[in-house]
Amino acid sequence: MTFAQIILPLNLKGTFTYKVPDVYLDEIEVGMRVLVPFRGKKIYTGIVTEIHQNAPEIFIPKEIISILDEFPILPNEQIRFWNWLSEYYLCNLGEIYRFAFPSSLKLESETYLKLKPNVTVDFELLEVNEMYLIQALEVRQLINLTEIEAFIPKKDIVKTINSLIDLKYIEVDEKIAEKYKAKEVAYLKIEDSVLKRNLPEILVELKRSPKQQELFLSILEKQTEHPEKPIRKSEIFAEGNYASTQLKSLSEKGLVQEYYLQKDRLEAYSGEMEELEKLTDSQLVAKSEIDAAFATGKNVLLHGVTSSGKTHIYLEKIQETVSEGKSVLFLLPEISLTKQIVQRLEKKYGKQLGFYHQKLTDFERVEVWRKVKNNELKVVIGTRNALFLPFQSLGLVIVDEEHDSMYRPREVSPYFNAKDSALVLAKTYGAMAILGSATPSVETYYLAKKGKLQYVYLGERFGNVKLPEYQLIDFKEAQDLKRVTGNFTTEVTEEIQNELHQKKQIMILHNRRGYANVVECESCGYVHYCSNCDVVMTYHKFSDEMKCHYCGQKATKPKFCPKCHSENLNVRGVGVEQIFEEISRIFPEAEIDRMDVDSMRKKFAYEKLYEKIENGETDIIVGTQMISKGLDFDDIELVVIPKADALLYVQDFRAEEKAYQLITQVSGRAGRISGKGKVMIQTYNPHHTVFQLIKENYSLKIYDHFLEERRKFLYPPFVKLILIELKHRREEKTNRASQFMGSILRKYLPEECILGPEKSPISKINLLYQYQILLKLPKGKKYSEYKNLVLKSFEEFDELPAYRSIKRIVFVDF
DNA sequence: AGCACGCCGACT
DNA sequence: GTCGGCGTGCTC
């Protein structure tokens with residue numbers, strides 16, 4: 001008797017044992033997908049992780065219904081990687097599976113199918129099951145696997161579905177994914193077949209509708225002028241000359257085609273491939289250091305100051321890897337900030353380059369998945385979920401902007417740090433890895449210092465351009481000298497004025513959304529709290545509403561105090577909207593734009609503003625941390641941080657590190673070409689160590705400072721942190737559960753390892769109360785021992801059924 | 001996770 | 001009298 005261990009897409013511990021039917025004995029392999037029954041009538045797509053002969057003793061396994069793949073879909077390396085993730089981050093394999101696979105590769109009973117819009121089905125070519133399914137779908141739009149069982153034998157269901165998906169007749173309905181739908185842009189084109197027709201003939205056809213004729217001609221003109229340049233629909237309608245009905249008639253007549261492209265693929269390049277530029281001397285040195293490290297099997301931290309040309313070096317290493325016949329994974333924190341690297345790689349690799357990120361539709365994901373599986377892609381640019389692609393022979397993994405916190409978002413499960421995981425993935429594939437950043441995380445820097453990573457430093461800007469100069473401005477002193485307007489010192493406004501005169505652009509960083517942090521009643525001190533969360537709501541003047549930044553709830557701004565009915569409501573806490581308003585008042589002549597999540601919410605708002613800045617139509621850009629990423633413009637020379645202290649006063653042991661990273665990153669936008677970059681930092685504490693060290697701009701010293709602090713107060717990289725969060729709708733229950741958890745942990749672990757339980761800093765989010773316990777565990781051998789004890793504690797906790805409704809989230813290395 | 005079973009409160 | 005809340009148990 002042969003059995004198989006199967007991962008199911010459920011948040012349950014471990015794998016499940018199924019019996020392999022004799023007919024499948026020859027076919028089944030580890031890494032294949034199988035269809036299995038679970039809990040009565042449910043069907044899931046599982047993954048085989050093990051095939052063995054050990055009959056389970058305490059239950060009777062069910063049989064595998066069918067095998068879905070001819071060949072394993074998941075490489076062994078990935079299975080090992082999943083196992084590592086599950087053990088290291090204390091999460092279930094099922095969660096990883098769910099996160100890793102595009103949904104149409106893991107059909108389950110609740111997966112809904114639908115007919116693709118506007119398809120004509122050729123029934124002649126369909127086999128009987130396929131026909132049944134199409135007919136059923138014609139009657140009702142959505143149908144799920146359980147329902148299909150009524151008319152197709154279980155065994156054949158998935159085969160039928162897959163074949164119809166391949167024929168492009170049906171698709172998987174994305175109920176949840178709808179929200180994240182990739183942004184698409186409408187384009188227009190005139191088909192070749194139309195172009196071949198005789199033009200006067202077409203014009204005669206359109207004689208009776210002159211507007212259509214005009215529209216057709218204008219599209220034709222654009223298309224003939226720049227045959228490679230796609231024509232945006234919005235571009236045609238922007239001038240307001242045409243109505244959409246006219247376009248509609250043209251497309252009905254088959255003269256003009258409307259089609260859609262992914263926003264990220266706008267730059268899709270179809271021209272000839274480009275050779276790489278030569279490396280500069282300092283880049284050559286860095287590259288040879290990388291080569292030497294790789295030769296000894298050591299991965300690299302590439303610490304390159306802003307504009308030092310890390311990208312050049314990446315490109316060089318990518319090319320080497322590809323020419324060895326291996327593929328490359330290039331990780332980015334977010335897909336939107338990729339213009340330069342994407343353009344350059346696209347020119348070089350054309351069709352052998354793929355993108356994989358959270359915003360793709362399921363269909364697009366499967367496409368990339370398939371290509372990676374077939375080894376058609378040499379280079380994949382992607383966000384953290386690209387770690388799970390079925391690479392065949394990975395040779396190099398690059399993690400760009402390795403310090404970026406987007407590599408470990410706290411809100412999506414499973415919780416893992418993509419930067420650390422990338423190193424493990426590389427190792428399982430026998431690939432090398434480069435972590436790159438202008439401001440490495442303290443942990444990574446420490447690894448390099450310890451020699452676990454090779455430290456490669458690029459301290460020179462490309463073209464030997466000077467680094468920006470920092471100026472610390474004592475705000476208190478300026479106030480005393482009455483040289484202050486609102487949140488700006490005269491020194492700063494004069495400098496801005498000066499830059500404006502020289503037609504240079506200015507960036508102002510203020511990392512706080514909205515207009516005001518707090519709306520407060522002057523008479524009784526009442527402040528407006530979110531009804532779902534334990535946080536004050538932020539006032540957004542632009543949209544004139546109160547927003548909760550944690551649950552997204554919106555409310556109207558109160559006109560009077562609900563408690564004492566006083567109309568004396570005041571706002572406190574400066575947000576970016578206020579800074580924007582102020583600067584607009586001080587410089588009424590200047591063109592000023594604001595860039596933050598709230599102002600960039602509209603479709604293409606980001607692209608539009610990007611273009612505007614690039615064209616030099618914007619003088620001053622006011623924004624949150626968003627402006628520190630991906631905006632490389634030549635004419636920015638001045639960066640102002642009016643309220644820099646706000647960056648430091650955050651309840652987070654990484655606050656100083658993050659402040660340093662943010663300030664350095666945004667400063668990197670200044671003087672990239674001219675070398676005359678200047679950064680003005682207004683602060684009440686000009687003598688604060690962090691500001692002083694930033695001003696000195698000597699990175700070794702600042703990292704030593706951070707490391708010293710971390711060592712003193714026992715934080716990573718000197719200890720391992722595990723944060724346990726317990727959540728429930730009822731506060732009392734959450735509190736009791738956390739006390740109970742604390743007492744169990746204290747049974748097994750030394751007292752000094754356990755902090756809490758205590759209320760989380762934000763004690764309620766989305767109606768759930770939160771308590772937390774922070775574990776500070778020693779590194780090294782002891783760590784795995786202690787971690788097992790933590791697991792044991794969890795098991796003990798779970799034995800008490802009363803607390804089973806408590807949600808538990810565990811962050812390892814948080 | 002998700003689903004069924006079972007036990008107690010506010011409604012036609 | 002029932003509908004529906006969620007606590008509990010179980011899934012190969």
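By convention in this document, chain letters (A, B, ...) are assigned in the order of the sequence lines, proteins followed by strands, and residues within each chain are numbered from 1.
Between the C1' atom of B/dG2 and the CG atom of A/Asn92 lies a distance of 14 Å, rounded to the nearest Å. Going from atom CD of A/Glu57 over to atom P of C/dC12 covers 18 Å, rounded to whole Å. When the C1' atom of C/dC10 is taken as reference, atom NZ of A/Lys62 falls 11 Å away, rounded to whole Å. The CG-C1' distance, from A/Asn11 to C/dT11, rounds to 14 Å in whole Å. At whole-Å resolution of the value, CD1 in A/Ile7 and P in B/dA1 are 18 Å apart. Straight-line distance from the NZ atom of A/Lys42 to the P atom of B/dA4: 10 Å, rounded to whole Å. With rounding to whole Å, A/Ile47 atom CD1 is found 18 Å from C/dC12 atom P. A/Ile806 places its CD1 atom 17 Å from the C1' atom of B/dA1, with the value rounded to the nearest Å.
By the 4.0 Å N-to-carboxylate-O rule, A/Arg370 lies close enough to A/Glu367 to be salt-bridged with it.
Partners of A/Lys658 under the salt bridge (Lys or Arg N to Asp or Glu O under 4.0 Å) rule, at least two apart in sequence or in another chain, are A/Asp652. A/Asp534 meets the side chain to side chain donor-acceptor pair (under 3.5 Å) test with A/Ser763; sequence neighbours excluded. Not counting sequence neighbours, the partners of A/Lys759 by the salt bridge (Lys or Arg N to Asp or Glu O under 4.0 Å) test are A/Glu731. Listed by chain and number, the residues in a salt bridge (Lys or Arg N to Asp or Glu O under 4.0 Å) with A/Lys747 are A/Glu796 (sequence neighbours excluded). A/Glu402 pairs by the salt bridge (Lys or Arg N to Asp or Glu O under 4.0 Å) definition with A/Lys419, not counting sequence neighbours.
Residue A/Arg39 places none of its side-chain N or O atoms closer than 4.0 Å to OP1 or OP2 of B/dC5.
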Set out, line by line, the N/O atom pairs under 3.5 Å between protein and nucleotides 3-8 of chain C.
unit_1: C/dT8; atom_1: OP2; unit_2: A/Pro801; atom_2: O; d: 3.1

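Here A/Phe38 lies in heavy-atom contact (under 4.0 Å) with a base.
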